[in-house]
Structures are given as C-alpha cells and as structure tokens.
Amino acid sequence: MAVTGDSAVFCRRIITNGSDVSSKNWVFRVSANPLRFGFNAEKLKGSKVKIGVRAAVELGVSKSLEGSLGLDVVIEGELREKGFLGLRKTKLVCTIGPACCSFEDLERLALAGMNVARFNMCHNTREWHRDVIRRIKRLNEEKGFCVSVMIDTEGSQHVIDHGAPSSVKAEDGSIWLFTTEKFEGSRPFTVQANYEGFSEGIVVGDELVIDGGMASFEVIEKIENGLRCKCIDPGLLLPRAKLSFWRNGKLVEKNQDLPTLSTKDWSDIEFGISERVDFIAMSFVNDADAIKQLKNYLSAKTPKPIRVLAKIESLESLHKLEEIVEVSDGIMVARGDLGVEIPLEQIPAVQQKITHVCRQLNKPVIVASQLLESMIEYPTPTRAEVADVSEAVRQYADALMLSGESAIGSYGQKALSVLRMTSSRMELWSREENQQNGLQQRQLGQSLPDVIAEQICNCSVEMANNLGVDAIFVYTKHGHMASLLSRNRPCPPVFAFTNDDSTRMAMNLQWGVMPFLVDLSDDMEANISKTIDLMKTKGMVKEGDAVLVVSDAIPSCGNPNVFQSIQVKTIV
C-alpha cells in the first residue's frame, strides 16, 4: 500500500520540548480511526523528551551510497520472493549435535531458516563445541548469515545412569536395583544414582518415573544403599536419565538444596565467554537470585552483552515465575523436564501461562522439547505434533526449538522445514482471520522516557495495522524499542537497524523482528535515507512501498535530548 499526501496522517499538534501543553489528550487522526496519546501534561513540562509525529513524505534514492547493510541472506531472499507479509515471524532454534555439525549441514540448516544454534553442554567435549561454534561464526562471516549461538548449561540435576553406552530396555515385571553404590561399567538390572540421600523420604509403594514417563517402577523394598523396584511401565532407560518420585498421583517434593550452577556449569560459562556466545540458557532455575548472580558475573567478566535465559522446568520455577521472568533476558519452556514434575495434562495450560507472562513483561519465550519427536526416526511428523506446533505459534511464542530432532535425528532438515512451513501458515491464517491477539498492556517503564517509549510503540503498531503499511522500521542501539514493537505482534514485519552486533544477534529471538547491522549517525534523517537507499539497491524495497518509521536515537553530542518520533514514508 502506498501512502501519499497529508490525508494519511493528520497531526493536530506536535508536542516538543518547552511546549505550552494545556490539554491532557492529543488526537492524531489516521484515516477514520483516531489514535489517542494520553500524556500527563504536568509531567511533560520541563521534560527533556521530544516526541514527533510526522505526516507521510515521499522518499527517493540519494545519489551517493555510503556504508553497508548487514543482514541475513535468508531474509533478503525471502523478502524478494514473498514480499514483506510473506516473511516468517516465529523464530527457529536448532540444537546442534553429531547429526548436523559439519559446515555443510550447518549451512543447510541456516538456509532452511535456523535463527539460533543451541549447544547442550551435557553432551560432547569442549573441543567439539568450540569447533562447531567457530564453524557457525565462519558461516556468518563468509556466507552472509545471521545465526546466533546459545549454550545450555547442564545444571545441578539429579540423574541416574545404568553405565551402558546406549539405552537399556526395562521389561514389564523385571526387578531393578537403584543404588548409590559407586561402581565402574554396568551391571545387569542395576542403576546408579549420582547423589546421596536420593531415597530419603521414599516409602514402599511409591512410583519412580524415568524421564517423565519413558519407564516407571514401583518401590517394593528399601535397602541400605537404595531401592529395589519392579517395572510397571516398560520402556527405555537412557544414559544419564532424570527421575522423579510420585505418591498417590502427586509429586514427592525432595529438597536437596543443590546449587543452580555446578562447578562444570561455571567452567562451561567461562568457555561461552571466551567463544563470545550470544545467549546462555540456565538449567533448573528455581528463583531470581540465580539469574542475577550469573548476569552480574557476566557483566564483570566481559564487555560483550551475553543474554541469560531461564529454563522453566521445575515446580519451584513455576511458583516464582514472574520474578524469574522479570530478571531474565528470556525464557525457555522446557516441557520435557517440566513434564517430569507436573502431571502431563497440565503442560498445555502451563505453556500458555508462561507465554502470556513473558509477553506481558516483554521477554522472548522459546517453546521447547518434543515438538516433532517422531521425526528423530521418521521423515514425516504425526498430525498431533503439527497441531502442537501450530498451537505454540497461535499463542505467539517468540521461538520454537528442535532438540533431538536436529541433534541426533535422521531428518533434522525436514523437521526444520516442518517448523518453518507450519509457523508461516499459522501466521498467515491468523492475519487472514483477523486473529491478531490484542494484549492488555502492563506498563513496564518507571521513568517518563520509558513510559513514552512504550506508548509510542503501542500506538505505532496500531497505526501500522490501520494504515496497512508494508513494514515498520526502527532505529535502535540496544533493541529496546524493537522489543516493545514485537510485544504488540504487528501485522507488518519489524525491520530493526542497529550499529551494535550484540544487539543484532539478540534480536534473533524476538518475534517478527528482522535485525540489520548498519552504521548509524546522530542524524536520523540521514540514517533513514541511507538504509532505504541500500535496501532499494538490493531489491528489497521498491517504489510505492510504505513504511512506518520509529526511532529511539540518543545523540552522543550536540542536543542531549532523546528524540522519539513516528513517521510514515512512501518510497519513490
């Protein structure tokens, strides 16, 4: 849609620094729909905040082009092929493992839409992780991709191990010994627990569940070093499996006071710092203090911002969900481990609640675990799995994650294609059926500039949707306004321009945000002209495209005031 002339946006008044503000509400009329900006007049007096709303202007290409435009070649190709509204907005995370670690495999995943590569530090050697991370960095540099890197800590978790290199089948009625006795190798029908006191508080008749239901046992006898159990639900025992105890249909809560981060985790974090990863996903987070501790440690150790995600996978984390979300840089809904601690039928409601809280608090959320579990072995997903993926997209999760499907599966690229096609189709359906999910906004900012930034982003999205513009452009240093725009889940994609590479990589987890790396100056009009010039030369925008422009540029010299504005521009 091309926006021309002053009919698109009527501005009754511009609020600027030092204005004599006498009214509490100002109406900016967009077509027939009014948008009301409710600013408190008293607070605005004497403020150093500038707000501008400009009518549509035509923007041509300048004669000279300076600088370059750093973007993902996949976004560039999709934009040329499908147009603005054809861009996928749900981000995709792939766990990297032996099945997809070569340079060629990683390139194929990147071409298929991988936004973030996840490394589970429970598996493989430090040298293996280093080599593969550096392959991804080389892909970005040499091939023009924009794939972020995430490491996932192992956590201080209670696990059991049968000692064999691969899975062991537990048959119905077979008798097994779960013991804290230390021994090398494997013994028939014997499983070693890695911590003392694992049987404390357990009584005969309790149920021992492996990996959330892979196999189940009934405790038939307590002995000195552990438990003798009878298999009541046959299944596979994987190496280093997780266990939980249940009594009368309820989880037996055991408080062993394990630290959130183990000695190995701290070593892995040091490794992540040295390899300049973009995200650290923290396992078994039970409170906000653990997240604060890690963020403070990272701030002291490295000038590069590394975002910390909290994995929600325990009852304790659910009890303290909001405080964990508030201090984290994002959340992973680890449904596999969470299913060990809560009844399976509660998982869908818990997932929806976590997703809603994250959006309220403006934090990206990843839905993870068993999305396409059958595709580890089979080339086609079950219809139920596709429905599960669609539901996560319908809930407006920021990202979907493959685990074993990509790490060890035979059909990792096909699984990624299923995620991409399913999310794209569900997003299109939501747009066609006008299913855009309006959020009852919770005000997050405390200072006046932060409150105004929220209001500008809220109104910008409503304006963009009403006008039917092709895209929203946001110029941002730290990505805050890009995240506020994403929070509102706009119909058009958000193109975020930043001169900070860490910010660019962090925005790979935000719904609908397409990050660009570009040199920015204090002259916002020059920034806008330059970026559109560069995009036009690449064939990414064309004459008649209309874009809504938002900025949070903070000049480093000259006028120290913050200048925030909304503009609508037509490309000619």
Side-chain angles (χ1 to χ4, degrees), residues 118 121 150-158 251 253-266 268-270 272-273 277-302 304-338 340-342 346 349-369 397-399 401 441-447 450 454 478-480 483-484 487 502 506 509-510:
R118 168 188 176 250
M121 302 307 289
M150 173 193 299
I151 64 169
D152 193 326
T153 64
E154 181 174 347
S156 298
Q157 53 185 308
H158 293 154
L251 180 72
E253 297 190 49
K254 296 169 64 63
N255 181 19
Q256 268 89 22
D257 296 325
L258 289 176
T260 303
L261 292 170
S262 66
T263 302
K264 178 182 181 299
D265 291 334
W266 284 112
D268 289 337
I269 288 165
E270 288 289 346
I273 293 172
V277 302
D278 303 294
F279 301 99
I280 294 176
M282 194 172 180
S283 295
F284 299 99
V285 175
N286 292 327
D287 54 48
D289 290 339
I291 296 292
K292 293 176 183 177
Q293 180 188 11
L294 178 54
K295 293 180 77 171
N296 289 337
Y297 180 82
L298 292 173
S299 297
K301 292 288 289 188
T302 174
K304 170 185 163 59
I306 298 177
R307 274 69 180 184
V308 178
L309 308 181
K311 295 175 66 177
I312 304 300
E313 50 193 339
S314 67
L315 273 177
E316 290 85 350
S317 63
L318 289 178
H319 293 156
K320 299 179 180 179
L321 179 63
E322 287 214 13
E323 71 174 54
I324 292 172
V325 175
E326 283 179 348
V327 301
S328 303
D329 297 311
I331 294 294
M332 183 187 296
V333 188
R335 302 184 306 178
D337 289 319
L338 192 57
V340 173
E341 299 213 359
I342 66 175
Q346 293 182 15
V350 167
Q351 173 183 311
Q352 184 164 356
K353 177 184 177 182
I354 296 171
T355 303
H356 178 76
V357 170
C358 287
R359 192 171 162 202
Q360 283 276 359
L361 297 176
N362 196 31
K363 301 297 174 67
V365 57
I366 306 169
V367 174
S369 305
D398 291 86
M401 191 180 94
Q441 298 287 7
R442 180 190 303 190
Q443 181 175 304
L444 302 176
Q446 299 298 320
S447 66
D450 287 342
E454 284 183 45
H478 302 294
H480 180 58
S483 70
L484 289 172
R487 179 193 189 202
S502 295
L509 268 187
Q510 292 176 342

*Residues two or more places apart in sequence or in another chain: which of them pass side-chain hydrogen bond (donor to acceptor under 3.5 Å, both in side chains) with K320?*
none

*Can you find a heavy atom in the side chain of T355 that is under 4.5 Å from one in the side chain of C358?*
no

_Nearest 0.5 Å, please: how far is OG in S317 from CD in E323?_
10.5 Å

*asked:* Would you say NZ of K301 has more than 12 non-hydrogen atoms from neighbouring residues, nucleotides or ligands within 6.0 angstrom?
replied: no

Considering only distance and modelled atom types, tabulate donor-acceptor pairs under 3.5 Å from the side chains of residues 326-334, sequence neighbours left out.
unit_1: S328; atom_1: OG; unit_2: I324; atom_2: O; d: 2.6
unit_1: D329; atom_1: OD1; unit_2: K295; atom_2: NZ; d: 3.2
unit_1: D329; atom_1: OD2; unit_2: V308; atom_2: N; d: 2.8

*So do V285 and E313 actually touch side chain to side chain, heavy atoms under 4.5 Å?*
no

*In this structure, are over 12 heavy atoms from other groups packed under 6.0 Å from H480 atom NE2?*
yes

*Under the side-chain hydrogen bond (donor to acceptor under 3.5 Å, both in side chains) rule, collect the residues that match up with K311, sequence neighbours excluded.*
D152, S283

*Do L298 and I280 come close enough that some side-chain heavy atom pair is under 4.5 Å?*
yes

_When you compare the side chain of L315 with that of I342, does any pair of heavy atoms fall below 4.5 Å?_
yes

*Test item: D398 side-chain N/O and Q510 main-chain N/O as donor-acceptor pair under 3.5 Å*: no

*Heavy atoms only: give me the nearest S314-L338 pair and the separation to one decimal.*
N-CD1, 3.7 Å

*Answer whether the closest heavy-atom distance between the side chains of L509 and L309 falls below 4.5 Å.*
yes

_Are the side chains of T260 and D289 in contact, using a 4.5 Å heavy-atom criterion?_
no

*Under 3.5 Å side-chain donor-acceptor pair for T153 and D268*: no

*Closest contact, heavy atoms only, F284 versus D337*: CZ-OD2, 4.2 Å

*asked:* Could you work out, with salt bridge (charged side-chain N to carboxylate O under 4.0 Å, His left out) as the rule, every residue matching K353, not counting sequence neighbours?
replied: none

*With the side chain counted from C-beta on, respond yes when T302 and Y297 share a heavy-atom pair under 4.5 Å apart, and no when they do not.*
no

*Set of side-chain hydrogen bond (donor to acceptor under 3.5 Å, both in side chains) partners for D287, sequence neighbours left out*: none

*Say whether, by atom type as modelled, one donor and one acceptor occur between the side chain of R487 and the main chain of Q360 under 3.5 angstrom.*
yes

_Could you report the tightest heavy-atom contact between A368 and M401, atom names first, then the distance?_
CB-CE, 3.6 Å

*Flag side-chain contact, heavy atom, 4.5 Å: M150 against I366*: yes

_Contacts of Q351 that satisfy side-chain hydrogen bond (donor to acceptor under 3.5 Å, both in side chains) - sequence neighbours left out_ = R335, Q395

*Before giving the answer on side chain to side chain donor-acceptor pair (under 3.5 Å), spell out for N296 and S299 the whole-Å C-alpha distance, their side-chain angles and the decisive distance to 0.1 Å.*
CA-CA 5 Å; N296 289 337; S299 297; 5.4 Å; no

*Measure across I312 and I354 and return the closest heavy-atom pair with its distance rounded to 0.1 Å.*
CG2-CD1, 3.7 Å

